[in-house]
Amino acid sequence: MSRPGKKRSRATLADKERPAAKFAKSKIQEEEESMMPTAKERNSKPGQSGTGKVTKKEACPSAQGSKQAYSHWLMKSEPESRFEKGVDVKFGIEDLKAQPNQTACWDGVRNYQARNFMRDMKVGQEAFFYHSNCKEPGIAGIIKIVKEAYPDHTQFDKKDPHYDSSSTKENPKWSMVDVQFVRLTKRFIPLSELKAHHQAQRASGGPLKDMTLFTRQRLSIQPLTDEEFEFVLSLEEKQS
């Protein structure tokens, strides 16, 4: 999408696939790790992603047939400018607020497990908007899912940093969802504070002891249990 001072705008989908708002900048994270693809995709190499291997235990739950149902999420995006192939992938929570209807698509994810989590998302579910790959990472606000997973248009755009030549419109590999701004958190909740709670609760027990933010920290789309979500919300009322 167009941004003041940016030289290039996002491509758009056909009308039948276009979300209510303009497309958001890509949210692919520099720190995303490569995960095990589903069975049908193991012989295909995803475009623009790593090739690291994981054990069967670490593979995506949906590929193992024992998937836990989640209703809350943490979604990482980059609030500071970073260019990939000449395109600024910056997209912070203030950028989302500036969109028509404060709604945008969450495109550019090139990680099988993150993609599968997006495919599990349901309309109305809430997520933390997490600022990543920046001077002070942490939770900046709350968003909600307003459109469930559908093909990510950037995988077909040769000019996009996240183009995947091995994906076809008949059998697209990558998905995205539409999200809408709900509110800013009452205060920014930094990663350092969350980490302190996680470390303390690993020893004494507590909601954040197994939080994915620390057990699989490089994953850009992360599930949250109800207990994790509520505990993090409670931190809004406390001084850091």
Side-chain angles (χ1 to χ4, degrees), residues 19 23-38 41 46-50 52 54 58-64 67-79 89 91-93 95-96 103-134 137-155 161-162 164 167 172-182 191 194 208 210-226 228-229 232:
F23 293 117
K25 284 290 180 184
S26 169
K27 297 163 187 72
I28 186 71
Q29 302 301 317
E30 187 175 44
E31 74 270 23
E32 272 195 359
E33 62 185 336
S34 177
M35 296 290 182
M36 181 79 74
T38 56
E41 295 164 329
Q48 308 298 332
S49 72
V54 296
E58 294 171 327
C60 174
S62 61
Q64 299 178 49
K67 182 169 61 177
Q68 179 177 346
Y70 292 99
S71 58
H72 296 94
W73 310 91
L74 183 147
M75 303 173 74
K76 294 182 179 181
S77 188
E78 300 183 31
V89 297
F91 194 81
I93 196 163
D95 296 305
L96 176 60
T103 300
C105 65
W106 200 273
D107 60 21
V109 171
R110 296 297 180 269
N111 173 286
Y112 287 109
Q113 189 170 26
R115 177 207 65 183
N116 289 352
F117 282 138
M118 284 199 297
R119 289 179 177 180
D120 291 338
M121 292 174 174
K122 304 299 180 187
V123 168
Q125 292 181 343
E126 291 187 329
F128 287 125
F129 194 117
Y130 182 95
H131 281 173
S132 179
N133 196 29
C134 55
I139 292 171
I142 298 172
I143 57 180
K144 67 179 178 180
I145 310 306
V146 293
K147 183 175 180 179
E148 294 174 13
Y150 61 105
D152 178 349
H153 64 287
T154 65
Q155 65 193 302
H162 308 110
D164 185 351
S167 185
K173 285 185 179 181
W174 307 109
S175 301
M176 62 185 182
V177 296
D178 288 357
V179 301
Q180 186 176 52
F181 174 82
V182 174
L191 173 62
L194 294 169
L208 303 192
D210 296 318
M211 191 178 185
T212 306
L213 184 61
F214 304 103
T215 60
R216 304 305 295 271
Q217 63 267 28
R218 297 175 67 186
L219 194 62
S220 70
I221 305 290
Q222 302 180 2
L224 294 171
T225 64
D226 293 345
E228 289 169 343
F229 187 82
V232 173

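What you see below is based on every heavy atom in this structure, not just the backbone, and it leaves out hydrogens, waters and symmetry mates.
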- Candidate pair W73 and I143, rule side-chain contact (heavy atoms from CB on, under 4.5 Å), full reasoning: CA-CA 10 Å; W73 310 91; I143 57 180; over 6 Å; no
message: Counting C-beta onward and ignoring hydrogens, is there a side-chain heavy-atom pair between H153 and C105 closer than 4.5 Å?
response: yes
Heavy atoms of I139 and Y130 approach each other most closely as CG1-CD1, 3.9 Å
In this structure, CD1 of I145 is separated from CD of Q125 (nearest 0.5 Å) by 7.0 Å
Heavy-atom closest pair (I221 atom, F117 atom, distance to 0.1 Å) is O-CD1, 3.4 Å
Smallest heavy-atom separation, W174 atom then V109 atom, equals CE3-O, 3.6 Å
Side chains of L208 and V232 in contact at under 4.5 Å (non-hydrogen atoms) | yes
Distance col, row Q180:CD vs K144:NZ, nearest 0.5 angstrom, shows 5.0 Å
inquiry  = Taking the side chain as everything from C-beta on, heavy atoms only, tell me whether V179 gets closer than 4.5 Å to F129.
reply    = no
So CG of D120 and CD of Q68: to nearest 0.5 Å the spacing works out to 11.0 Å
Test item: side-chain donor near acceptor, T215 and D210, under 3.5 Å: no
Next on the checklist: Show, in sequence, the C-alpha distance, side-chain angles and deciding distance for M75 and V177, and conclude whether the side-chain contact (heavy atoms from CB on, under 4.5 Å) test is met.
Outcome noted: CA-CA 11 Å; M75 303 173 74; V177 296; 4.2 Å; yes
request  = Evaluate the side-chain proximity of M211 to L224: yes if any heavy-atom separation is below 4.5 Å, no if none is.
outcome  = yes
Assess the side chains of T154 and R110: does a donor N or O sit below 3.5 Å from an acceptor N or O?
-> yes
| message | Between Q222 and L213 (side chain of the first, backbone of the second, donor and acceptor by atom type, cut-off under 3.5 Å), is there such a pair? | response | yes
Nearest heavy-atom approach of S132 to P79 is O-CD, 3.4 Å
Margin query: For a side-chain contact (heavy atoms from CB on, under 4.5 Å) check, start with the C-alpha distance between M176 and K147, then their side-chain angles and the critical distance, and finish with the verdict.
Written below: CA-CA 9 Å; M176 62 185 182; K147 183 175 180 179; over 6 Å; no
Note: K173 and Q155 closest approach over all heavy atoms is N-OE1, 3.2 Å
d(F181 CZ, I142 CD1) to nearest 0.5 Å is 9.5 Å
Working note: F91 + L96, criterion side-chain contact (heavy atoms from CB on, under 4.5 Å); need CA distance, chi angles, decisive distance, verdict. CA-CA 7 Å; F91 194 81; L96 176 60; 3.9 Å; yes
Do the side chains of L74 and T212 get nearer than 4.5 Å, heavy atoms only?
-> no
Closest heavy-atom pair, M118 versus S175, reported as atoms and distance to 0.1 Å, is CE-O, 3.0 Å
**Message:** Would the distance check show the side chain of H131 and the main-chain N or O of I93 forming a donor-acceptor pair, the cut-off being under 3.5 Å?
**Reply:** yes
**OP:** Take the angle between the ring planes of F229 and F128 and call it parallel below 30°, perpendicular above 60°, tilted in between.
**Re:** parallel
Main-chain N/O of K122 paired to E148 side chain as donor or acceptor, under 3.5 Å:
no
ask   = Does any non-hydrogen side-chain atom of P172 lie less than 4.5 Å from one of D152?
value = no
